[in-house]
Every structure is written in structure tokens, then in C-alpha cells.
Undergrad: 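Before anything else, here's the structure in question.
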Amino acid sequence: MAHILIVEDDEDVRALIVHKLRRAGHEVSEAGDGQDGLEAALTSVPDLVVLDWMMPKLTGVEVCAQIRADTTLTQPCILLLTAKSQDSDIAQAMAAGANGYLIKPFRANDLLERVEALLAPH
């Protein structure tokens, strides 16, 4: 299956996401803040990055923009997973290069469906 990087500072949320994606057969790596997530994405480019927005060191939108700015990368899909739900927030995430957006709280099945849709060949 796919290699997915989860970048989420809330340990409980991160553990839930990691568990669900591993049960779905994916290889999952994780980071607890934006800086560690960016370094992980640049070191071992995943197929998909799931980013929380509000994190220490770098926000998810900053991580997204920096990944997109690196032209040497094979570009992964990026899903923002956040409590920020305003239309302007979604527009900002998409402008930074996100491929998808899922609002917290979320159902695990909704996350799995969104992940599979982003990973599906176009």
C-alpha cells in the first residue's frame, strides 16, 4: 500500500490515525510537530502527508507550502486535518498546495475514504 506521514501534535489523535491507517494496510510514519514533520517529508518522501494545522514550530500550512516549494521532491499528496473550518481557512490551505481538507472532529471512516481518494490514480 502507500507510505503515509502523519504530522499531528495531539498524541491521542495521532495514535488513532496511525492505528486506522495501519489497519487499512498502509505504511505509516509520524511526527509530533511541524518542523519534525517537514524534515521527515523531505528525508523519506511519502505518498501522502496528513497535516494538522495548529502545531508547534511550524503550522501545517507552513509545512505544506515548504513541501510544495521544494522542486527536487516527488510531490506527495497533502491532506490538512484541522478544527479550522472557515471558508477562508480552506482557501488558505488550498493556496498553500493542499490536495484535501478534513475538519475535526472527523469520523475514522471519513478519513479513510479521503485518504483512499487522494491516493487513487487519476
Side-chain angles (χ1 to χ4, degrees):
M1 299 282 326
H3 173 213
I4 302 173
L5 171 63
I6 309 303
V7 187
E8 167 67 61
D9 62 323
D10 183 310
E11 291 180 26
D12 293 333
V13 173
R14 189 172 66 240
L16 171 70
I17 296 168
V18 167
H19 174 73
K20 290 293 183 184
L21 293 175
R22 284 186 176 147
R23 281 193 57 207
H26 297 289
E27 175 189 336
V28 181
S29 54
E30 54 188 289
D33 66 58
Q35 184 62 47
D36 288 346
L38 178 62
E39 290 171 10
L42 298 176
T43 302
S44 176
V45 180
D47 300 302
L48 173 68
V49 181
V50 178
L51 290 170
D52 182 23
W53 187 314
M54 296 175 283
M55 294 183 291
K57 300 183 184 175
L58 292 172
T59 69
V61 170
E62 291 169 330
V63 173
C64 181
Q66 288 188 39
I67 289 171
R68 294 295 185 234
D70 190 329
T71 58
T72 65
L73 284 182
T74 301
Q75 290 292 315
C77 287
I78 298 175
L79 173 65
L80 259 289
L81 181 64
T82 178
K84 294 174 79 67
S85 60
Q86 300 296 316
D87 288 343
S88 60
D89 299 325
I90 297 168
Q92 184 180 357
M94 296 305 175
N99 301 95
Y101 199 92
L102 188 60
I103 297 169
K104 293 178 184 177
F106 60 91
R107 291 185 5 207
N109 285 345
D110 292 339
L111 173 66
L112 291 173
E113 288 173 9
R114 189 69 51 93
V115 164
E116 296 306 326
L118 288 170
L119 292 171
H122 294 81

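Heavy atoms only: backbone and side chains are in, while hydrogens, waters and symmetry mates are out.
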Undergrad: Work out which heavy atom in Gly34 is nearest to a heavy atom in Val63; give both atom names and the distance.
TA: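 It is O-CG2, 3.4 Å.
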Undergrad: If every non-hydrogen atom of Pro46 is compared with every non-hydrogen atom of Val49, which pair is closest and at what distance?
TA: CG-CG2, 3.5 Å
Undergrad: Determine whether Lys104 and Trp53 satisfy the following criterion, side chain to side chain contact (heavy atoms under 4.5 Å, CB included), listing intermediate values before the conclusion.
TA: CA-CA 11 Å; Lys104 293 178 184 177; Trp53 187 314; over 6 Å; no
Undergrad: What do the steps show when you test Leu38 against Leu58 for side chain to side chain contact (heavy atoms under 4.5 Å, CB included), and what is the final call?
TA: CA-CA 9 Å; Leu38 178 62; Leu58 292 172; 3.9 Å; yes
Undergrad: Could you tell me whether Lys57 and Glu39 have a side-chain N and a carboxylate O separated by less than 4.0 Å?
TA: no
Undergrad: Would you mind telling me which of Ile67, Leu118, Asn99, Ile4 makes a side-chain contact (heavy atoms from CB on, under 4.5 Å) with Pro76?
TA: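 With Pro76 as partner, side-chain contact (heavy atoms from CB on, under 4.5 Å) holds for just one option, Ile67.
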Undergrad: In terms of hydrophobic clustering (I, L, V, M, F, W, Y; side-chain heavy atoms under 4.5 Å; direct or indirect links), are Met54 and Val7 co-clustered?
TA: yes
Undergrad: Is the shortest side-chain heavy-atom distance between Glu11 and Glu30 below 4.5 Å?
TA: no
Undergrad: Start with the C-alpha distance between Gln66 and Glu62, add both sets of side-chain angles, then the distance that settles side chain to side chain donor-acceptor pair (under 3.5 Å), and finish with yes or no.
TA: CA-CA 6 Å; Gln66 288 188 39; Glu62 291 169 330; over 6 Å; no
Undergrad: Between Ile103 and Met94, is there shared hydrophobic-cluster membership here, with clusters defined by ILVMFWY side-chain heavy atoms closer than 4.5 Å?
TA: yes
Undergrad: Which atom names give the shortest non-hydrogen contact between Cys64 and Ala98, and what distance separates them?
TA: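 The pair with the smallest heavy-atom distance is SG-N, 3.4 Å.
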Undergrad: Are any non-hydrogen side-chain atoms of Leu112 and Leu21 less than 4.5 angstrom apart?
TA: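 Yes - at least one pair of side-chain heavy atoms lies under 4.5 Å apart.
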Undergrad: Are the side chain of Asp36 and the backbone of Asp33 linked by a donor-acceptor contact shorter than 3.5 Å?
TA: no
Undergrad: Calculate, to the nearest 0.5 Å, the distance between atoms OG1 and CG belonging to Thr74 and Asp47 respectively.
TA: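 Answer rounded to 0.5 Å: 10.0 Å.
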Undergrad: Does Arg14 pair with Asp52 as a salt bridge, N-O distance under 4.0 Å?
TA: no
Undergrad: Show the nearest heavy-atom pair for residues Ser29 and His3, with the distance to one decimal.
TA: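 Smallest heavy-atom distance, with atoms named: OG-NE2, 3.0 Å.
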Undergrad: Would you give the length of the straight line joining atom CD1 of Ile90 to atom NZ of Lys84, rounded to the nearest 0.5 angstrom?
TA: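 Nearest 0.5 Å value for the CD1-NZ distance: 11.0 Å.
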Undergrad: To the nearest 0.5 Å, what is the distance between CZ (Arg22) and CD1 (Ile17)?
TA: 12.0 Å
Undergrad: Let's go through Leu119 and His26 carefully: what are the C-alpha distance in whole Å and the side-chain angles of both, what is the deciding distance for side chain to side chain contact (heavy atoms under 4.5 Å, CB included) to 0.1 Å, and is it a yes or a no?
TA: CA-CA 11 Å; Leu119 292 171; His26 297 289; 3.7 Å; yes
Undergrad: What's the shortest heavy-atom distance between Leu111 and Leu102, and which atoms?
TA: CA-CD2, 3.7 Å
Undergrad: Looking at Leu79 and Leu48, what are the two nearest heavy atoms and their distance?
TA: N-CD1, 4.2 Å
Undergrad: State the CD-CE distance between Glu8 and Met55, to the nearest 0.5 angstrom.
TA: 7.5 Å
